[in-house]
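Structure first, then comments.
Residue numbering restarts at 1 for every chain, and letters A, B, ... go by the order of the sequence lines.
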Amino acid sequence: MSETVISVRGLTMGFGDHVVMKDLDFDIGKGEIFVILGGSGCGKSTLLKHMVGLYKPMSGTIAIAGMLMDPDDGETFRRILARIGVMYQGGALFSSMTLGENVALPITEYSGLRGRAVDDLVRLKLRQVGLEGFENHLPEELSGGMKKRAAIARALALNPEILFLDEPSAGLDPISSAELDALILRLNRTLGTTFVVVTHELSSIFTIAGRVVMLDKTTKSIIAEGDPHELRDRSTHPFVRRFFNRQPEMET
Amino acid sequence: MTNTATLHISTGPDALALTLRGVLNLATTPDILARLARIPCPLPKLIRADLSDVTRMDDCGALIVMELSRMTGTAGGRLDLEGVPDHVRDLLAFLRLDTPPEPGIRRRPRPGFLTRFGEKTMHVVDQSASHVSFVGEATVTLASLLRHPGRLRLGDTVMYMQQVGVDALPIVGLISFLLGLIMAFMSAVQLQQFGANIYVASLVALSMVRELGPIMTAIIVAGRSGSAFAAEIGTMKVSEEVDALITMGFKPAMFLVAPKIIASALVVPLLAVFSNLFAIAGGLLIGVTTLDLTVNAYMTQTMNTLSIFDINWGIFKSVIFAVLISTVGCFKGYQVRGGAASVGQATTSAVVSSIFLVILTDSILAVILRYWRP
């Protein structure tokens, strides 16, 4: 594997006394498209929120680009945040701002670009997600899928080295979903962006994923790791097989 | 990866030749754009840009190309990109920059004064229509509860009675006590000059029971609960919970509005009575400590001043205020569209409107009372 950008060691996460996952260990290499899989409610989004520093682990460490993730260490945390972009499940667009303003916010805050250049860049970002012309719309005027794409445009605003996407294609039509996959692959190829993606969509997983980990609710651990095609064809784990072949639990 | 880029500019008589090298990204682009902006006008007709040594370029770097084509556009000239590497060609094609640029982002045009005036007016008209229909719906719901009282969500109603009433007791008590204290203190200074100390008791009792008790309570309830109602219903609208209620066959008016109105109408008058008692206690404290009145004398004077009508009138007003505040709170919550900002506006608007309506109603009732019992 190439240079490691995210390294998770002995991560135990949970709330109060309730442990969601324990002793997770994995590395994500630079330029990888890493997909986190698992049944609903197994803690995929929670893992993602730990990785971006929103939640504190019960024990264990997360290091991003060699820096230890610790929201209490303001300086390091800011340096980490400057290198990552996050797209949340529901979009999390600021409802009082237009789409253009939403995307422009990180650009004006963190880059030297000003004036017309910001407008141009916002337009390019929205063009990449197929929302050009919607700069002046408020989030409430958009459909769910459009909000999602706008949220991706905002996450892309600073071309971060690592992009965390929480269920990017949920709620998108197949065409938009495929376009989104193409966008992810393209950014990965041209800019070397590392992706950490939580998704359920099988077609998307097989298209984009370089490597997947599968979390399991009952054992609270990783039950499979590797190339999705190989896991589908060779895994002996019943849950993994069912997951990739879309079989209900009842079926034998 | 080194994050450096260089721009070399040479100005010829008929062409501007630019050479770009290195990595064109978010870190390097702002400087290059700034240097481009400093190139003196008028620009030559032809701009030649050599990109053959660009090692990396992302969509921020593409801004340079956009800027260059804009520069040639204003000069009525031509842009020649030379030695374009494949990855740049790819990017430009992906960003659709290989075709001529479109005009910049159009800012949402700000409508003229007359248009805005008209829009506001129409908005007020629209709102009053929805106000009427909301009041109608609430009335019909409350009326139907008279026939089928079992439909009221009793658990919710009791919960709101606690939130609006019991939980507000400490603050209402404290504010009223201090209010009675201040009133007695201030009036004592004047009344003492005439040896009319004993009338401090009358002043505190009458003004609290008839006017200030219900009004202060209403203002506190508007701030505590009217805002909470608006925020609760508003957030439910944002997260589609209200839609879920409707499609599940519940009437939002019955489910959300009726318990709040009924609970408020039941407990706010009690709060007002409580407020009166505390204010009289505050007055009593001043009367006894600084005016040489006995507790007995003060209370007797208070009892002599107040008629049962005054107390009933205060309670009646409190019921009206409670219905106003809870209705306005629910209505403002219903009007939330969009997201978080809208919830904030609804909450503010609920408090402001309900306080305004409380004072207005109080004035109207005072005029009515003036002619009813001169």
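- Considering all non-hydrogen atoms of both residues, A/Ser95 and B/Ala341 come closest at OG-N, 3.6 Å.
- Between A/Asp120 and B/Leu63, the shortest heavy-atom contact is CB-CD2, 3.3 Å.
- Counting heavy atoms from C-beta outward, B/Leu26 and A/Leu113 have side chains that approach closer than 4.5 Å.
- By the neighbour-count criterion of 12 heavy atoms within 6.0 Å, atom CZ of A/Phe15 is densely surrounded, having more than that number from other residues, nucleotides or ligands.
- Atom CG of A/Leu158 sits about 8.0 Å away from atom SG of B/Cys60, to the nearest 0.5 Å.
- Heavy atoms of A/Ile107 lying under 4.5 Å from chain B are absent altogether.
- A/Leu183 places a side-chain heavy atom less than 4.5 Å from the side chain of B/Phe94.
- For the set A/Arg116, A/Gln128, A/Glu140, the count of heavy-atom pairs under 4.5 angstrom toward chain B peaks at A/Arg116.
- Looking at B/Asp59 and A/Arg127, no side-chain N of the basic residue comes within less than 4.0 Å of a carboxylate O on the acidic one, giving no salt bridge.
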Side chain to side chain contact (heavy atoms under 4.5 Å, CB included) between B/Asn25 and A/Asn159: does it pass, once the steps are laid out?
CA-CA 9 Å; B/Asn25 63 12; A/Asn159 284 333; 5.9 Å; no

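- Closest non-hydrogen pair, A/Arg186 versus B/Leu91, comes out as NH2-CA, 3.4 Å.
- Atom CZ of B/Arg116 is surrounded by more than 12 heavy atoms from other residues, nucleotides or ligands within 6.0 Å.
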